[in-house]
Number of protein chains: 2
Amino acid sequence: MPTPDTQTEHPALADVELTDVLAALSDPIRLEIVRQLAEDGGERTCGSFGLPIAKSTATHHFRVLRQAGVVTSREEGTRKYNALRRDELEARFPGLLGSVLGNLENP
Amino acid sequence: MPTPDTQTEHPALADVELTDVLAALSDPIRLEIVRQLAEDGGERTCGSFGLPIAKSTATHHFRVLRQAGVVTSREEGTRKYNALRRDELEARFPGLLGSVLGNLENP
DNA sequence: TCCTTCGTTCGTCGACCATCGTACGAGCGG
DNA sequence: CCGCTCGTACGATGGTCGACGAACGAAGGA
């Protein structure tokens with residue numbers, strides 16, 4: 001096989017629709033994941049978000065974010081590191097992620 | 001009755017959550033409605049959007065937009081005029097609507 | 001080697017969503 | 001007055017969504 005590891009299907013941003021991103025961001029849990037990822041700027045493992053949901057549900061939410069092009073996942077050993085696709089998202093939908101993140105702190 | 005007409009329940013923007021707006025905008029039909037409303041800046045009747053859906057489905061989508069605080073509806077005679085709550089939305093979620101609208105033209 | 005941790009997969013469940021057709025009421029126009 | 005247009009209300013339906021628990025495999029640590 002050409003690439004033996006880290007096979008987790010990431011769409012090209014060109015194939016991602018605006019509505020897909022909006023739908024992905026329209027859930028509080030996923031928005032919280034994105035917020036934390038944006039906050040520390042780097043990679044985070046799935047279990048490190050303190051999410052109030054079951055593991056299998058978390059798997060679901062990370063998959064939605066990944067398929068919407070919002071997040072990348074990289075496997076390393078037994079855990080999976082996730083990161084925001086910030087620059088790519090910015091290139092595809094200028095200003096969008098920034099304005100969503102900027103409005104997260106609002107009451 | 002104090003206000004005899006035009007009773008169609010509009011939420012205060014302060015009561016609207018970011019996720020509500022994102023969810024409302026995450027549907028292609030509703031996004032198209034918002035796009036057309038933004039384009040002409042004024043009021044539009046429900047039937048004037050050329051939507052490829054049944055009338056009853058359109059009623060549903062306008063209700064979702066209204067309940068998410070995105071749109072106002074004003075009854076006049078037998079028809080209903082809809083308008084974007086642009087300034088209010090801008091005050092509540094600065095930059096959000098603009099960045100969504102700005103990314104609508106993208107392929 | 002054994003046990004724990006991490007995340008996935010699978011099946012299930014209830015809730016919600018987009019859609020439709022039908023029937024309806026309120027105006028407007030001839 | 002009669003018909004047309006506009007939008008709503010009311011099911012009904014098929015599909016998707018968020019959530020869960022249980023079972024699993026792959027590392028990694030003791």
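In what follows, chains carry the letters A, B, and so on, assigned in the order in which the sequence lines appear, proteins first and then strands, with residues in each chain numbered from 1.
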Please determine whether a side-chain nitrogen of the Lys or Arg among B:Arg86 and B:Glu90 lies less than 4.0 Å from a carboxylate oxygen of the Asp or Glu.
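B:Glu90 and B:Arg86: not salt-bridged.
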When you measure from the side chain of A:Glu43 to the backbone N and O of A:Tyr81, does any donor-acceptor pair fall under 3.5 Å?
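The answer is no, because no donor-acceptor pair under 3.5 Å joins these two groups.
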Strictly distance-based, threshold 3.5 Å: is any side-chain N or O of A:Arg92 a donor or acceptor partner for the main-chain N or O of A:Leu13?
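A pair under 3.5 Å: yes.
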Could you state the [atom1]-[atom2] distance from [X] to [N], rounded to the nearest angstrom?
| X | N | atom1 | atom2 | result |
| --- | --- | --- | --- | --- |
| B:Glu76 | C:dC28 | CD | P | 9 Å |
| B:Gln67 | D:dT8 | CD | C1' | 14 Å |
| B:Ile53 | C:dA18 | CD1 | P | 10 Å |
| A:Asp27 | C:dA15 | CG | P | 18 Å |
| A:Asp20 | D:dC17 | CG | P | 11 Å |

Contacts under 3.5 angstrom, residues 60-70 of chain B side chains, donor-acceptor by atom type, not counting sequence neighbours:
residue, atom, partner, partner atom, Å
B:His61, ND1, B:Arg30, NH1, 3.1
B:Arg66, NE, B:Ser73, OG, 3.3
B:Arg66, NH1, B:Thr8, O, 3.4

Classify every nucleotide of nucleotides 1-12 of chain C by which part a protein heavy atom approaches to under 4.0 Å, writing B for the base, S for the sugar-phosphate alone and - for neither, in 5'-to-3' order.
----BBBBB---
Just N and O in the side chain of A:Thr57: are any of them under 4.0 Å from OP1 or OP2 of D:dC20?
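Result: yes.
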Nearest-nucleotide comparison on DNA chain D, the residue closer to the 5′ end among A:Gly77 and A:His61:
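Nearest-nucleotide comparison on DNA chain D picks A:His61.
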Could you pull out the closest heavy-atom pair between A:Ile29 and A:Asp27, with the gap in Å?
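The pair with the smallest heavy-atom distance is N-OD1, 2.8 Å.
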Pick from B:Val21, B:Val100, B:Asn103: which one makes a side-chain contact (heavy atoms from CB on, under 4.5 Å) with A:Leu22?
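Running side-chain contact (heavy atoms from CB on, under 4.5 Å) over B:Val21, B:Val100, B:Asn103 with A:Leu22 returns exactly one hit, B:Val100.
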